[in-house]
Amino acid sequence: MGDLGITWTGFVAQLVCFLILLLILTKFAYKPLQKMLDERSARIKSGLEKSEEAEHRAAAIDTEAREALAEARKEGQALIAQVKETAEQRREEYILQAKREADALIERARSEIQLEKEQAIEELRSQFVDLTILAASRVINAELDKEKHRKIIDEVLKADTFKGKE
């Protein structure tokens, strides 16, 4: 080794210097560097765990949101059905009320017609009495007691046999 320029004393001195340098680098450079890499690895691992946890929470929130949306749709459909049912009930009530009012109107009209009919019959009777007295007075060519004959004719008109013919 002498030919190469290496001596034992130089070799041992370089070996000792190398070991001292290795020890110094290990203590001051390698361990802090290793510690820094371990901390970074731990932060990355923690970040990944938090990311997975956030992803799980997001999935849970998404599921809850979908369930809430489905529940809201269900409640909305129930509300719509209830509103339709209420509207149908009110429509039926309005129709029933309109029928009642129409029936009352028809009944009122019938009553008025009956009243007018009775008034017309009464007026006809009165005119019939007057015509009968007039005819009788012309037949007899004498003036009759108008009031007396009116009472007689009214009695005849009010008799049951005459009313049955109406």
Side-chain angles (χ1 to χ4, degrees), residues 1-129 154 157-166:
M1 287 212 226
D3 294 338
L4 292 175
I6 298 177
T7 60
W8 279 104
T9 56
F11 178 72
V12 172
Q14 283 183 357
L15 186 62
V16 170
C17 283
F18 177 75
L19 288 176
I20 291 173
L21 183 61
L22 185 62
L23 193 70
I24 290 173
L25 284 177
T26 300
K27 182 164 177 117
F28 293 111
Y30 179 72
K31 284 188 180 180
L33 190 59
Q34 185 66 35
K35 184 179 175 187
M36 185 179 72
L37 290 174
D38 289 342
E39 288 174 357
R40 184 170 181 214
S41 176
R43 279 192 312 232
I44 291 172
K45 186 176 181 182
S46 173
L48 287 174
E49 288 173 357
K50 287 180 182 178
S51 173
E52 287 179 10
E53 183 180 320
E55 188 176 314
H56 288 301
R57 277 188 283 159
I61 290 171
D62 185 49
T63 303
E64 288 176 12
R66 288 179 190 209
E67 289 173 358
L69 183 61
E71 184 66 27
R73 282 184 182 149
K74 185 177 177 183
E75 289 175 5
Q77 293 296 330
L79 186 60
I80 289 171
Q82 183 181 5
V83 167
K84 283 182 181 179
E85 182 179 330
T86 303
E88 182 65 25
Q89 287 175 352
R90 287 200 178 154
R91 185 182 71 82
E92 289 176 6
E93 288 173 5
Y94 290 144
I95 289 172
L96 186 62
Q97 182 180 1
K99 284 182 181 179
R100 286 183 194 147
E101 289 174 2
D103 289 345
L105 201 76
I106 290 170
E107 189 58 37
R108 220 177 303 128
R110 284 182 182 159
S111 297
E112 288 176 7
I113 290 171
Q114 183 64 31
L115 181 64
E116 288 177 8
K117 178 182 171 186
E118 289 172 3
Q119 287 174 350
I121 290 173
E122 192 60 37
E123 188 177 326
L124 270 173
R125 282 182 182 165
S126 174
Q127 289 176 1
F128 181 71
V129 168
D154 280 339
L157 288 176
K158 289 181 183 176
D160 289 335
T161 56
F162 188 79
K163 283 187 177 179
K165 292 180 182 178
E166 288 179 355

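Being a predicted model, the structure only gives us computed values, none of them experimental.
Not counting sequence neighbours, the partners of Glu107 by the side chain to side chain contact (heavy atoms under 4.5 Å, CB included) test are Arg110, Ser111. By the side-chain hydrogen bond (donor to acceptor under 3.5 Å, both in side chains) test, Gln127 pairs with Glu123, sequence neighbours left out.
Side-chain atoms of Ser46 never come within 3.5 Å of backbone atoms of Ala42 as a donor-acceptor pair (strictly under, hydrogens ignored).
Residues Leu79 and Gln82 form a side-chain contact, since some pair of their non-hydrogen atoms from C-beta on lies under 4.5 Å apart.
Between atom CD of residue Glu53 and atom CG of residue Leu48 there is a gap of 12.5 Å, rounded to the nearest 0.5 Å. One finds the OG atom of Ser41 at 10.0 Å from the CD atom of Gln34 (value rounded to the nearest 0.5 Å). Once rounded to the nearest 0.5 Å, the distance linking CG of Leu37 with CD of Glu39 reads 9.5 Å. The line from CZ of Arg57 to CD1 of Ile61 is 7.5 Å long, rounded to the nearest 0.5 Å. Separating the CD atom in Gln14 from the OG1 atom in Thr7 is a distance of 8.0 Å, to the nearest 0.5 Å. Here Glu116 contributes atom CD and Glu118 contributes atom CD; the two are 11.0 Å apart, rounded to the nearest 0.5 Å.
Paired with Leu25 under the rule side-chain contact (heavy atoms from CB on, under 4.5 Å), one option of Leu23, Leu22, Leu21 passes, and it is Leu21.
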Under 3.5 Å donor-acceptor pairs involving side-chain atoms of residues 89-105, not counting sequence neighbours:
| residue | atom | partner | partner atom | Å |
| --- | --- | --- | --- | --- |
| Arg91 | NE | Glu88 | OE1 | 3.4 |
| Arg91 | NH2 | Glu88 | OE2 | 2.6 |
| Gln97 | NE2 | Glu101 | OE2 | 3.4 |

